[in-house]
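Below: the structure, in structure tokens.
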Amino acid sequence: MVARYGRGAVVAALREGLAEARLAAGAMPDTAAILAGAAAHLAGQPGAGLVRVINASGIILHTNLGRAPLAGAALDAMRAAAGYCDLEYDLPGGRRGARGARLEALVAQLAGAEAALVVNNGAAAILLALAGLAGAGLAGAGLAGGGEVIVARGELVEIGGGFRIPEVIAAGGARLVEVGATNIVRLSDYRAAITADTRVLLKVHQSNFRMVGFTCDVGIGALAGLAREAGLRVVADLGSGLIAPTPGVDEPTLRDALAAGADVVTCSGDKLLGGPQAGLIAGRAEALAPLRRHPLLRALRLGKVSLAGLEATLRLHRDAPGAVPVLAMLAQGDDVLAARAEALRIMVGSGAVVASEGYAGGGALPGRVIASRALALEPAGGADAAATSLRAADPPVVARIAGGRLLIDMLALGDGELRQVAEALRGIIS
Ligand SMILES: *Cc1c(COP(=O)(O)O)cnc(C)c1O
């Protein structure tokens, strides 16, 4: 704590914690609780900065923990771009160049698209796509209130943090038209809802939940057929952003959605794509043209450091997918996870290696349990108190509690982090 926040601040926080403990019942102050309280207080101070944590939660794309951990090659590219770089400069010509042109060409190449755009995140990608294709004023004459965007009721998803698809459509200056019931929508529902003001058929991937039972929805191929007939465009929000088929990962890909006939597809850069926060838009050049001209693009554009990290991550997808940490974590065999858990058990000298349920997280592969392994501990003071102490360790360790036991899940842990986890655990076990 002294190294991170400075001695003065740490002493002040400890004095405050002690004073509070003395005011409480006359019992002996609990040293661990005072340290944990001081750590929490210091971490909450203005300018304390982001704190690196160890993810022992078993959730690979934990949105609260920053989603995808970046590949080394992405970090190198981000560091190189952090100073001066040729962001918008044509080096051979010595004049102004196009920002992100090479990155966009790579996105288009990987997705099998004519053209691509990159923006700040997945929500920005949907916002720009709808504003550009159906927004008020830009979608064509006579659309004062904006063009209509038809969406199935079962796809009116809350993305997270309170942001919902209907609000994103409204913010883009378009009008939402809901069709179908929660569980059932048919092509005839879309067809019946089309008016002279309709511009877009929107397909939203149910990325953070699954509907099971009596359900029916309309695939991109069928929507594309209807869109061709009616002179409309199909926009598909895929959310999790798998670019091309990946063994063992059952999520729709940009490539498949475009091949099925979507005009524009959007996804996040920091979910299954495994890059920095970003949004990808790929599709037909003609459909992307109004997005490229839209004033929102300037407001939603990606910064140079993220741009560099995303491009490096995508190069890995092309040349060495195994080097993308998220994909590598998803591909870990049980033997690897079990060996890691056993190594930690030996280092800690207590606990048991157990089967555990991990998740992709980040709104990807909902409901699919990823078989993992964990070191299970039953600390004397209870699992809750132990988890709190682990979060106060340096670096903090975010574990999981299940059935009253503390689980250190191996799915999102690196072998290189075991020593630090063991140290934090020894502190609470002793
Ligand atoms: C995650 C997600 C988004 C939002 O992407 P962000 O990058 O978090 O802005 C939008 N739509 C779907 C279906 C998602 O899963």
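Only heavy atoms go into these numbers, but all of them, side chains included; no hydrogens, no water, no symmetry mates. From a predicted model like this one, the values you see are computed outputs, not experimental measurements.
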(message) Going by side-chain hydrogen bond (donor to acceptor under 3.5 Å, both in side chains), Asp217 matches just one of Gln206, Arg186, Lys203. Which one?
(response) Lys203
(message) Contact between Arg210 and Arg368 at the side-chain level, heavy atoms closer than 4.5 Å - yes or no?
(response) no
(message) Between Arg164 and Glu158, does any NZ, NE, NH1 or NH2 come within less than 4.0 Å of an OD or OE carboxylate oxygen?
(response) yes
(request) Verify the distance criterion only: is there a donor paired with an acceptor across the side chains of Thr215 and Asn183 at less than 3.5 Å? (result) no
(message) Quick one, Arg405 and Pro379 - any side-chain contact, counting heavy atoms below 4.5 Å?
(response) no
(message) Could you tell me if Thr195 and Glu148 have a donor-acceptor pair between their side chains, going purely by distance under 3.5 Å?
(response) yes
(request) Any chance you could measure Leu337, atom CG, to Asp409, atom CG, to the nearest 0.5 Å? (result) 8.0 Å
(message) Keeping Glu357 on the side-chain end and Ile370 on the backbone end, is there a donor-acceptor pair under 3.5 Å?
(response) no
(message) Quick check against the 3.5 Å criterion: does Thr313 have a side-chain atom that pairs as donor or acceptor with the backbone of Gly309?
(response) yes
(request) Measure the shortest side-chain to side-chain distance between Leu291 and Leu133 over non-hydrogen atoms and say whether it is less than 4.5 angstrom. (result) yes
(message) Quiz question: by atom type and distance under 3.5 Å, do the side chains of Ser57 and Asn55 form a donor-acceptor pair?
(response) yes
(message) Tell me if the CZ atom of Arg102 is crowded by more than 12 foreign heavy atoms within 6.0 Å.
(response) no
(request) Inspect the surroundings of CG in Asp250 and state if more than 12 heavy atoms from other residues, nucleotides or ligands are less than 6.0 Å away. (result) no
(message) Strictly distance-based, threshold 3.5 Å: is any side-chain N or O of Arg340 a donor or acceptor partner for the main-chain N or O of Met410?
(response) yes
(message) Is there a side-chain contact between Ile281 and Val118 in this structure, where contact means two heavy atoms from C-beta onward sitting under 4.5 Å apart?
(response) no
(message) More than 12 heavy atoms of other residues, nucleotides or ligands under 6.0 Å from CZ of Arg79: yes or no?
(response) no
(message) Using the rule given for side-chain contact (heavy atoms from CB on, under 4.5 Å), can you reason through Met347 versus Leu418, listing the C-alpha separation, both sets of side-chain angles and the distance that settles it, and then say yes or no?
(response) CA-CA 8 Å; Met347 285 163 126; Leu418 290 185; 4.0 Å; yes
(message) Distance alone, cut at 3.5 Å: any donor-acceptor contact between the side chains of Glu155 and His205?
(response) no
(request) List the atom of Leu156, the atom of Pro166, and the distance in Å for their closest heavy-atom pair. (result) CD2-CG, 4.0 Å
(request) Indicate yes or no: at least one non-hydrogen side-chain atom of Ile169 is less than 4.5 angstrom from one of Leu202. (result) yes
(message) Looking at Arg228 and Asp263, is there a salt bridge between them, counting it only when a charged N and a carboxylate O are closer than 4.0 Å?
(response) yes
(message) How close do Ala174 and Val149 get, counting heavy atoms only, and between which atoms?
(response) CB-CG2, 3.7 Å
(request) Identify the two heavy atoms, one from Ile401 and one from Ala387, that lie closest to each other, and give their separation to 0.1 Å. (result) CD1-CB, 4.0 Å
(request) Give a yes or no on whether the backbone of Ala82 and the side-chain of Lys304 come within a donor-acceptor separation of less than 3.5 Å. (result) yes
(message) Other residues, nucleotides and ligands only: do more than 12 of their heavy atoms fall within 6.0 Å of CZ on Arg298?
(response) no
(request) Test Arg191 against Glu229 for salt bridge (Lys or Arg N to Asp or Glu O under 4.0 Å), laying out the working first. (result) CA-CA 10 Å; Arg191 192 188 297 278; Glu229 261 175 53; 2.9 Å; yes
(request) For the residue pair Val53 and Val397, establish whether any side-chain heavy-atom pair is separated by less than 4.5 Å. (result) no
(request) Grab the two heavy atoms, one from Leu406 and one from Ala386, that are nearest each other, plus how far apart they are. (result) CD2-CB, 4.0 Å
(request) Verify the distance criterion only: is there a donor paired with an acceptor across the side chains of Ser356 and Arg400 at less than 3.5 Å? (result) yes
(message) Closer than 3.5 angstrom, by distance alone: can the side chain of Arg199 be matched with the main-chain N or O of Gly147 as a donor-acceptor pair?
(response) no
(request) List the steps, then state whether side-chain contact (heavy atoms from CB on, under 4.5 Å) holds for Met1 with Arg4. (result) CA-CA 5 Å; Met1 279 194 269; Arg4 195 185 296 157; 5.9 Å; no
(message) If I compare all heavy atoms of Ala181 with all of Arg153, which pair ends up nearest, and what's the gap?
(response) O-CB, 3.8 Å
(request) Take Leu314 and Ile243 through the side-chain contact (heavy atoms from CB on, under 4.5 Å) test and state the conclusion after the steps. (result) CA-CA 9 Å; Leu314 289 171; Ile243 212 151; 3.8 Å; yes
(request) Return the minimal non-hydrogen interatomic distance between Ala352 and Arg345, and the atom names on each side. (result) CA-CD, 4.3 Å
(request) Might you work through the side-chain contact (heavy atoms from CB on, under 4.5 Å) test for Thr198 and Val177, ending with a clear yes or no? (result) CA-CA 9 Å; Thr198 307; Val177 175; over 6 Å; no
